[in-house]
Amino acid sequence: MAEESSTRALQALHMPERLLLGPGPSPVPARVLEALATPTVGHLDPAFLDVMNETMDGLRALFGTANPLTMALSGTGSAGMEALFVNLVEPGDRVLVGVNGLFGERMVDVARRTGAEVLAVEAPWGRIVEPDAVRRALQRNPGVRLVALVLAETSTGVRQPLEEIARIVHEHDALLGVDAVTALGGIPVEVDRVGIDACYAGTQKCLSVPPGLAPFTLGPRAEARLEARSRPVQSWYLDVTMIRRYWGRERFYHHTAPVNMLYALHEGVRLILEEGLPAVYRRHALVGAALQRGLEALGLELFAEPEHRLPELTTVRVPEGVDDLRLRSRLLETYGIEIGAGVGPTRGRVWRIGLMGHGARKRNVLTFLSALEACLAQEGYPVPRGAALEAAEAVLEGEAAEPPASRGA
Ligand SMILES: *Cc1c(COP(=O)(O)O)cnc(C)c1O
């Protein structure tokens with residue numbers, strides 16, 4: 001008699017189909033999933049070299065940079081964050097971080113672990129970090145080497161203006177590091193034009209690729225800083241002085257690249273460039289505005305300050321008397337729609353709705369608003385029936401009223 005195994009057979013995967021409208025991951029298009037299923041080759045195979053080179057070129061287009069050092073690090077967006085600090089900062093360096101949400105807080109934590117002296121310029125959640133506050137902090141604290149900010153704060157839905165801050169940072173001879181995890185592929189990042197010295201992103205937000213890689217770029221000033229280090233980068237795995245030798249001509253083995261994830265990123269970037277960056281940004285801006293007008297038409301209050309709202313991530317206050325968790329569970333179970341909860345000080349107080357990458361489409365706005373309306377009504381919230389769809393459609397049609405050249409009449 002066969003001994004009964006103490007472990008039971010693993011079940012086949014049965015993943016539900018979800019409409020991912022949270023803070024990431026975002027919906028992954030079929031072409032990207034198919035790319036993932038392409039045969040694995042050796043990570044030094046000549047055929048794979050082409051994939052890497054094209055991906056680097058595509059990422060340069062997305063970042064808006066000519067930086068030779070532009071590649072994808074193995075790890076999620078947080079690996080990009082960690083790489084930025086461990087490569088550009090040495091123990092005792094002064095670092096300034098803008099903190100107006102969860103990811104600014106995380107930057108402070110990551111920077112502190114390098115042994116840097118970290119100063120935070122704080123702003124209330126939902127607001128931007130003011131350029132003047134950065135200027136004053138740099139004047140009060142001479143010798144800051146790196147200033148880091150989040151371009152798209154996914155915890156609050158705030159879009160951080162960078163141009164003036166970039167000028168101030170460079171006047172003080174510091175480097176500007178930017179978190180573009182939720183920005184890349186959703187709003188312009190423009191590394192070279194703005195003067196960003198180091199920038200990273202993630203794959204599962206507006207690139208619509210599963211989580212697992214961190215696009216990363218370093219400009220000439222940051223590279224010079226890297227060369228001038230007095231000691232090796234603390235992290236062996238994220239040491240860009242070694243990783244760049246793999247992505248560069250030498251093809252020097254550092255660690256095995258996640259081959260199939262890079263296929264997926266290649267396809268995700270290809271899709272974006274096929275549509276064209278201006279069209280991609282317009283699509284995000286349009287559906288974001290439609291969602292925000294729709295939410296307001298429901299009588300809900302948006303959380304981020306009006307002049308600085310991201311189109312790809314909207315925060316809205318949970319109305320009085322509505323149970324946050326119960327509503328989100330109903331959205332998921334009844335409609336298959338995932339949205340995000342608030343974090344930190346906004347926990348239980350806001351919802352975070354992502355229209356990112358492949359998810360940023362008109363029909364998702366209308367589907368979501370209809371489902372939300374039904375869920376709010378079940379919570380006893382006085383829903384103005386039909387108002388949200390009407391407001392959203394007005395925005396979406398406003399765009400349609402500008403006829404593209406190819407459409408007759
Ligand atoms: C999602 C996110 C990160 C972290 O990325 P992971 O892929 O979760 O590691 C960092 N910064 C911002 C702004 C993000 O939205």
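Nearest heavy-atom pair, Ala392 versus Leu366, reported as atom, atom and distance to 0.1 Å: CB-CD2, 4.1 Å. Nearest heavy atoms, Gly22 versus Met356: O-CE, 4.0 Å. Of all heavy-atom pairs between Ala388 and Gly294, the closest is CB-O, 3.4 Å. Residues Ile272 and Val280 come closest through the heavy atom pair O-CG2, 3.8 Å. Of all non-hydrogen atoms in Met71 and Trp247, the two that sit nearest each other are CB-CD2, 3.5 Å. Heavy atoms only, all atoms of each residue included: Val134 and Ile165 are closest at CG2-CD1, 3.9 Å.
The side-chain contact (heavy atoms from CB on, under 4.5 Å) with Ile353 is formed by just one residue from the set Leu295, Leu372, Leu313, Val365; it is Leu295.
For the 3.5 Å distance criterion, the side chains of Asp239 and His254 fail to qualify, holding no donor opposite an acceptor. In this model, no donor atom of one side chain and acceptor atom of the other lie less than 3.5 Å apart for Arg309 and Thr314. For the residue pair Arg330/Gln378, the side-chain donor-acceptor check at 3.5 Å is satisfied. Between Gln160 and His308, the side chains place no donor N or O within less than 3.5 Å of an acceptor N or O (distance only, hydrogens not considered). Defined by atom type and a distance below 3.5 Å, a donor-acceptor pair is missing between the side-chain atoms of Thr156 and Thr315.
The shortest distance between side-chain heavy atoms of Arg244 and Leu226 falls below 4.5 Å. Residues Arg94 and Arg145 are not in side-chain contact: their nearest non-hydrogen atoms beyond the backbone lie 4.5 Å or more apart. Looking at heavy atoms from C-beta onward, Thr114 lies out of side-chain contact with Pro91 at the 4.5 angstrom threshold. Put simply, the side chain of Glu223 does not reach to within 4.5 Å of the side chain of Pro220, judged on heavy atoms. Between Glu54 and His266 the shortest side-chain heavy-atom distance falls below 4.5 Å. In this structure, Ser26 and Lys205 have side chains that are not in contact, with every pair of non-hydrogen atoms separated by 4.5 Å or more. A heavy-atom distance below 4.5 Å is found between the side chains of Leu300 and Tyr381. A heavy-atom distance below 4.5 Å is not found between the side chains of Leu218 and Asn67.
Applying the ring pair (Phe, Tyr, Trp, His ring centres under 6.0 Å) definition to pairs two or more places apart or across chains, those involving residues 13-57 are His43-Tyr246, His43-Tyr253. Judged as a ring pair (Phe, Tyr, Trp, His ring centres under 6.0 Å), not a single pair has a partner in residues 316-362 (not counting sequence neighbours).
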Walk me through it: do Arg352 and Thr346 pass the test side chain to side chain contact (heavy atoms under 4.5 Å, CB included)? CA-CA 10 Å; Arg352 294 186 295 150; Thr346 65; 5.9 Å; no
Would you sort out whether Leu291 and Val287 count as a side chain to side chain contact (heavy atoms under 4.5 Å, CB included), showing the intermediate values? CA-CA 6 Å; Leu291 171 67; Val287 296; over 6 Å; no
With side chain to side chain contact (heavy atoms under 4.5 Å, CB included) as the test, would you mind laying out the steps for His284 and Cys206 before giving the verdict? CA-CA 9 Å; His284 281 88; Cys206 296; 4.1 Å; yes
Determine, stepwise, if the pair Val99 / Val129 fulfils side chain to side chain contact (heavy atoms under 4.5 Å, CB included). CA-CA 7 Å; Val99 180; Val129 176; over 6 Å; no
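Note that the CD1 atom of Ile339 and the CG atom of Leu327 stand 6.5 Å from one another [nearest 0.5 Å]. Separating the CG atom in Leu69 from the CZ atom in Arg60 is a distance of 9.0 Å, to the nearest 0.5 Å.
Ion pairing between a basic and an acidic side chain is recognised when a charged N comes within 4.0 Å of a carboxylate O; Glu267 and Arg31 show such pairing. Under 4.0 Å is where a charged nitrogen must lie from a carboxylate oxygen, and between Arg112 and Asp109 no such pair does. In this structure, Arg326 pairs ionically with Glu379, as a charged nitrogen and a carboxylate oxygen lie closer than 4.0 Å. The pair Arg159-Glu305 does not meet the salt-bridge criterion, since no charged nitrogen lies less than 4.0 angstrom from a carboxylate oxygen. With respect to the salt-bridge test (charged N to carboxylate O, under 4.0 angstrom), the residues Glu275 and Arg283 qualify. Salt bridge annotation for Glu163-Arg193: present, with a cationic side-chain nitrogen under 4.0 angstrom from a carboxylate oxygen. Under a 4.0 Å N-O distance rule, the pair Arg225/Asp93 qualifies as a salt bridge.
Between His255 and Trp236, the distance from one ring center to the other does not fall under 6.0 angstrom.
The 12-atom threshold is not exceeded at CZ of Arg127, counting heavy atoms of other residues, nucleotides or ligands nearer than 6.0 Å.
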